[in-house]
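Working notes, beginning with the structure itself.
In what follows, chains carry the letters A, B, and so on, assigned in the order in which the sequence lines appear, proteins first and then strands, with residues in each chain numbered from 1.
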There are 2 protein chains.
Amino acid sequence: MGKYDCLKLDNQICFPLYACSKGIVKAYKPFLDEIGLTYTQYIAMMVLWEHGEISSKELGNCLYLDSGTLTPVLKTLESKGLITRARSHEDERNLIVALTNSGLALRDRAVDVPAKMSACSSLSQEDAAELYRILRELMKSFA
Amino acid sequence: MGKYDCLKLDNQICFPLYACSKGIVKAYKPFLDEIGLTYTQYIAMMVLWEHGEISSKELGNCLYLDSGTLTPVLKTLESKGLITRARSHEDERNLIVALTNSGLALRDRAVDVPAKMSACSSLSQEDAAELYRILRELMKSFA
DNA sequence: TTGCAATCGATTGAGTACAATTAAATTGTA
DNA sequence: TACAATTTAATTGTACTCAATCGATTGCAA
């Protein structure tokens with residue numbers, strides 16, 4: 001037990017988390033390339049597919065992203081014709097993001113992505129459920 | 001059970017992983033600010049503290065980072081006076097990264113960081129160990 | 001030994017990501 | 001009603017991340 005053992009990469013909990021996160025996002029890439037989205041664009045579209053219409057603020061809360069990240073992502077999705085960006089009539093400060101027909105149609109091409117991803121994972125059902133539970137628990141630390 | 005339930009953010013395993021990874025890196029920031037490192041610089045220094053001297057290639061393998069990311073990080077660490085960068089005499093293609101005295105001395109100021117971080121986590125010992133085990137398992141999918 | 005494939009770091013470009021600041025709109029208050 | 005405080009998206013600056021490519025070096029085989 002050396003004085004500096006706590007600084008070894010193998011003894012960190014954060015590093016495998018960081019590495020796995022990057023690894024999974026990279027694993028998504030070939031599937032997301034097929035539908036022309038990046039991972040960040042994909043999770044933004046997932047929220048829109050579920051909610052149909054949402055303010056930029058709420059979207060940022062769902063994804064844990066601030067306007068510095070979200071603004072260029074939403075402008076890109078708009079330029080792809082998948083969403084519309086418009087100020088709210090009730091409160092001009094709010095930006096309302098909504099799906100276009102093209103954006104809604106993309107859902108049918110995205111619906112296979114989760115299954116393709118699960119097929120790549122080496123986790124058992126139990127470990128996946130356990131991982132999900134622990135990560136949810138861990139997220140409370142930042143909320 | 002809707003046709004598109006698999007596309008809900010709440011049903012993804014990747015998203016909590018991605019969110020937790022970002023959350024933890026952000027939680028490190030105040031502690032790493034005290035020693036003047038970013039998270040990426042910190043994990044690079046951890047490898048050097050453990051190995052003392054390593055090629056850029058090996059360092060990239062340890063951290064799962066390619067030269068596009070690593071080159072500017074190492075140049076920054078060099079400009080801070082923490083490391084040296086020099087071509088190998090045996091093989092001029094290899095870049096050998098080594099600690100300076102200043103870089104080695106920084107370890108004594110970094111040694112408290114892991115404990116400060118654990119104090120921020122809401123995980124039990126058991127869950128932390130379980131998380132570690134599952135993430136290691138998951139990483140096999142990308143290796 | 002000469003030519004070619006492989007290796008390695010550096011560079012470039014696109015896309016995140018976050019902190020800090022700015023500007024516009026709204027709300028609360030005197 | 002003026003005006004301060006708050007809220008929100010956008011902008012700016014710094015840093016990370018990866019894919020693709022390039023140039024130099026090395027190793028191997030004809």
Side-chain angles (χ1 to χ4, degrees), chain A residues 14-15 18-30 32-33 36-45 54-80 83-97 142, chain B residues 14-15 18-30 32-33 36-45 54-80 83-97 142:
Chain A
C14 180
F15 181 69
Y18 157 89
C20 278
S21 173
K22 288 194 307 169
I24 291 208
V25 168
K26 195 187 295 192
Y28 266 103
K29 189 170 189 316
L32 293 180
D33 279 348
L37 296 179
T38 65
Y39 180 73
T40 312
Q41 292 163 10
Y42 173 64
I43 58 177
M45 290 300 290
I54 195 172
S55 76
S56 175
K57 169 82 170 170
E58 289 175 289
L59 184 55
N61 287 340
C62 290
L63 302 178
Y64 306 96
L65 294 174
D66 70 1
S67 66
T69 304
L70 217 43
T71 296
V73 169
L74 295 178
K75 285 184 176 176
T76 302
L77 289 174
E78 185 185 38
S79 75
K80 289 177 192 282
I83 65 167
T84 57
R85 294 164 66 251
R87 293 287 171 176
S88 164
H89 296 304
E90 292 79 26
D91 188 337
E92 292 279 340
R93 291 171 303 184
N94 288 347
L95 185 74
I96 306 298
V97 184
F142 325 124
Chain B
C14 181
F15 182 69
Y18 157 88
C20 278
S21 173
K22 288 195 306 170
I24 291 207
V25 169
K26 197 187 294 190
Y28 266 104
K29 190 173 186 317
L32 293 181
D33 279 348
L37 295 179
T38 65
Y39 180 73
T40 311
Q41 292 163 10
Y42 172 64
I43 57 176
M45 290 301 290
I54 196 172
S55 74
S56 175
K57 171 77 172 176
E58 288 174 291
L59 183 54
N61 288 341
C62 290
L63 302 177
Y64 304 97
L65 294 174
D66 71 1
S67 67
T69 304
L70 218 42
T71 296
V73 168
L74 295 179
K75 284 184 176 177
T76 302
L77 290 175
E78 184 185 38
S79 75
K80 290 177 192 282
I83 64 167
T84 57
R85 294 164 67 250
R87 294 287 173 172
S88 165
H89 296 304
E90 291 79 27
D91 187 338
E92 293 280 340
R93 291 171 302 185
N94 287 349
L95 185 76
I96 306 298
V97 184
F142 324 125

I want to confirm an ordering. Mapping A/Lys57 and A/Lys26 to their closest nucleotides on DNA chain D, which one lands closer to the 5' end? A/Lys57

Nearest nucleotide by nearest heavy atom, which residue falls closer to the 5' end of DNA chain C, B/Ser55 or A/Val73? B/Ser55

Check the distance between D/dC18's C1' and B/Tyr18's OH and give it to me in whole angstrom. 15 Å

Rounded to the nearest Å, what distance is computed from the OH atom of residue A/Tyr39 to the P atom of nucleotide C/dA14? 24 Å

When rounded to whole Å, the NZ to C1' distance for the pair B/Lys22 and D/dC16 reads 13 Å

Between C1' of D/dA15 and CG of B/Leu70, the distance in whole Å: 14 Å

Euclidean distance, atom CG of residue A/Leu63 to atom P of C/dA17 [Å, nearest integer]: 9 Å

Applying side chain to side chain contact (heavy atoms under 4.5 Å, CB included) between B/Leu77 and each of B/Leu37, B/Thr40, B/Thr84, report the one that passes. B/Leu37

Taking only N/O atoms, report every protein-nucleotides 20-27 of chain C pair under 3.5 Å with atom names and distance.
{"from": "C/dT26", "atom 1": "OP1", "to": "A/Glu92", "atom 2": "N", "distance (Å)": "3.2"}

From the candidates D/dA9, C/dA17, C/dA10, the one with an atom nearest any side-chain atom of B/Leu95 is C/dA10

Measure from OH on A/Tyr28 to P on D/dC18 and round the result to the nearest Å. 17 Å

What nucleotide, of D/dA9, C/dT16, C/dG9, holds the atom closest to the side chain of A/Arg87? D/dA9

Using the ring of each side chain (for Trp, its six-membered ring), is A/Tyr28 parallel, tilted or perpendicular to A/Tyr42, with breaks at 30° and 60°? tilted

Reckon A/Gln41 has a side-chain N or O less than 4.0 Å from the OP1 or OP2 of C/dT16? yes

What is the distance, rounded to the nearest whole Å, between atom CZ of A/Arg85 and atom C1' of D/dT8? 13 Å

Looking for any heavy atom pair under 4.0 Å, which part of the strands does B/Leu65 touch: base, sugar-phosphate only, or nothing? sugar-phosphate

Keeping to residues at least two apart or across chains, list the salt bridge (charged side-chain N to carboxylate O under 4.0 Å, His left out) pairs with something in residues 86-95 of chain A. A/Asp91-A/Arg93

A/Leu77 CG to C/dG15 P, in whole Å, measures 11 Å

For C/dA30, what is the paired nucleotide under Watson-Crick or G-U wobble rules, both distances under 3.5 Å? D/dT1

Among D/dT17, D/dA9, C/dA10, which nucleotide sits nearest the side chain of B/Thr69? D/dT17

Return the set of residues passing salt bridge (Lys or Arg N to Asp or Glu O under 4.0 Å) with B/Glu78 (not counting sequence neighbours), or none when no residue passes. B/Arg85

Please state whether the phosphate of C/dT11, meaning OP1 or OP2, lies under 4.0 angstrom from any side-chain nitrogen or oxygen of B/Lys75. yes

